[in-house]
Amino acid sequence: MTKPTTITIDGTAASGKSTVAALLSKKLGYLYLDTGVMYRAVTWAVLHEGVAVDNEESVSALAERLTINVTTDGPADGRPYTVLANGQDVTWAIRAKEVEAHVSRVSSYRRVRVALTTQQRHIAAAGSIIMVGRDIGTVVLPQADLKIFMRASAEERARRRYKELLGQGKPANYEEILTAIQQRDKLDEANPVSPFIPATDAIMVDTDNLTIEEVVAKLSKLCEIDHSKI
Ligand code: DC
């Protein structure tokens, strides 16, 4: 039996796909790339360099010259990986509210997507990988061996985020979180270049009533099906 070499996990914002993919990749010994961090790194650089987010030409040019590296090196401060933008550690900075507010716009630009898609395909060519995002199964790696699309209701995702923030001792407002998630869903769905729909051959996984561990177990099982015969 052959295990799938290339696994794509797409899904909505805060669906838990990154956490699940990180655990699954450890279990399988696969490389793991969360492509959301690349769109976030470009957005961070746009804001950092004072480029106007609405200026598609300048934003695209910046994305084309920005070097993004995702590595497992870095300080043990709770980070799952380190993200470098032109050598600068932006692992935590890309999670800022300001970046969140502009990342959908930046990722709607065609040249930005082309630049990042090219890099993502290059990374996937290195070997066994789990790649996470919105358009991985449809656009980036349409020949992937196993495609997953993770879904959870906006309310459930807001509840998870709310609990996570409280757990970190940070202030949290459920209604605000829910509104932000719904707004991001709308923007992501309306992306003119890669509308974020599941691939026709993706396996849909609804996670509303499942724990992270249960989702990982479910995906592990899917990896044991002989994909060479499908
Ligand atoms: O998964 P995330 O929240 O870190 O993603 C951040 C943003 O990047 C989100 O607004 C959608 C965008 N994104 C994208 O356009 N294509 C991808 N493959 C991954 C993320």
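In listed order, ligands and their atoms are each counted from 1.
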**Student:** More than 12 foreign heavy atoms under 6.0 Å from CD of Glu98: is that the case here?
**Tutor:**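 Open: at most 12 neighbouring heavy atoms sit under 6.0 Å from CD of Glu98.
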**Student:** Could you check whether any heavy atom of Arg113 sits closer than 4.0 Å to an atom of ligand 1, since that is the contact criterion I want to use?
**Tutor:**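 Right, Arg113 reaches ligand 1.
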**Student:** What residues form a side chain to side chain contact (heavy atoms under 4.5 Å, CB included) with Thr67, not counting sequence neighbours?
**Tutor:**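 Partners of Thr67 by the side chain to side chain contact (heavy atoms under 4.5 Å, CB included) criterion, ordered by chain and then number, come out as Asn69, Asn86.
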**Student:** Among protein heavy atoms, which sits nearest to atom 10 (O) of ligand 1, and what does the distance come to when rounded to 0.1 Å?
**Tutor:**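 Looking only at protein heavy atoms, the one closest to atom 10 (O) of ligand 1 is Asp188 OD1, 3.1 Å.
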**Student:** Of the options Asp201, Thr138, Thr8, Thr6, which is the one that meets Lys147 in a side chain to side chain donor-acceptor pair (under 3.5 Å)?
**Tutor:**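 The option that passes is Asp201.
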**Student:** Quiz question: by atom type and distance under 3.5 Å, do the side chains of Thr82 and Asp73 form a donor-acceptor pair?
**Tutor:**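 Side chains of Thr82 and Asp73: no pair found under 3.5 Å.
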**Student:** Considering only non-hydrogen protein atoms, determine which one is nearest to atom 9 (C) of ligand 1 and report residue, atom name and distance to 0.1 Å.
**Tutor:**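 Protein heavy atom at minimum distance: Arg134 NH2, 3.6 Å.
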**Student:** Out of all atoms in ligand 1, which are within 4.0 Å of some heavy atom of Thr35? Include the element for each.
**Tutor:**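 Ligand 1 atoms under the 4.0 Å threshold to Thr35: 17 (C), 18 (N), 19 (C).
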**Student:** Between the side chains of Ser18 and Asp34, is a donor N or O closer than 3.5 angstrom to an acceptor N or O?
**Tutor:**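 Ser18 vs Asp34: donor-acceptor pair found between side chains.
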**Student:** Does some non-hydrogen atom of Gln120 fall short of 4.0 Å from ligand 1?
**Tutor:**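 False for this residue.
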**Student:** Taking 4.0 Å as the limit for heavy-atom contacts, which would you say applies to Met38 with ligand 1: side chain only, backbone only, both, or neither?
**Tutor:**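 For Met38, no heavy atom sits under 4.0 Å from ligand 1.
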**Student:** Among all the protein's non-hydrogen atoms, which is closest to atom 3 (O) of ligand 1, and how far away is it?
**Tutor:**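 That would be Arg184 NH2, 2.5 Å.
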**Student:** Suppose we measure from atom 4 (O) of ligand 1 to each protein heavy atom; which comes out shortest, and what is that distance?
**Tutor:**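 Here the closest protein heavy atom is Arg40 NE, 2.7 Å.
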**Student:** Hey, quick one: are Ile94 and Leu84 part of the same hydrophobic cluster, counting side-chain heavy atoms closer than 4.5 Å, chains of contacts allowed?
**Tutor:**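 No, Ile94 and Leu84 fall in different hydrophobic clusters.
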**Student:** Does an N or O from Asp34, backbone or side chain, lie closer than 3.5 Å to an N or O of ligand 1?
**Tutor:**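 No: no nitrogen or oxygen of Asp34 is under 3.5 Å from one in ligand 1.
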**Student:** Give a yes or no on whether Gln168 atom CD has more than 12 heavy-atom contacts from other residues, nucleotides or ligands under 6.0 Å away.
**Tutor:**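 Yes, the 6.0 Å shell around CD holds more than 12 heavy atoms from other groups.
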**Student:** Run the contact test for Ser104 against ligand 1 with a 4.0 Å cut-off on heavy atoms, strictly below, and give the result.
**Tutor:**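 Per 4.0 Å heavy-atom rule, Ser104 contacts ligand 1.
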**Student:** What pair of heavy atoms forms the shortest contact from Val99 to Arg40, and how long is it?
**Tutor:**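 Scanning both residues, the minimum pair turns out to be CG1-O, 3.8 Å.
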**Student:** Following the transitive rule for hydrophobic clusters with a side-chain heavy-atom cut-off under 4.5 Å over Ile, Leu, Val, Met, Phe, Trp and Tyr, establish whether Phe149 and Val140 coincide in one cluster.
**Tutor:**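 No.
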**Student:** When you measure from atom 17 (C) of ligand 1 to every protein heavy atom, which one gives the shortest distance, and what is it?
**Tutor:**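 The closest heavy atom on the protein side is Tyr39 CE1, 3.4 Å.
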**Student:** Can you name the atoms of ligand 1, numbered from 1 with element, that are less than 4.0 Å from a heavy atom of Val103?
**Tutor:**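 Taking each heavy atom of Val103 in turn, ligand 1 has 7 (C), 8 (O), 10 (O) under 4.0 Å.
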**Student:** Please work out which of Gly11, Gly133, Gly36, Ser107 has its closest non-hydrogen atom nearest to atom 20 (C) of ligand 1.
**Tutor:**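 Among Gly11, Gly133, Gly36, Ser107, the closest heavy atom to atom 20 (C) of ligand 1 belongs to Gly36.
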**Student:** May I ask you to list the atoms of ligand 1 that are less than 4.0 angstrom from any heavy atom of Lys17?
**Tutor:**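 Ligand 1 atoms under the 4.0 Å threshold to Lys17: 1 (O).
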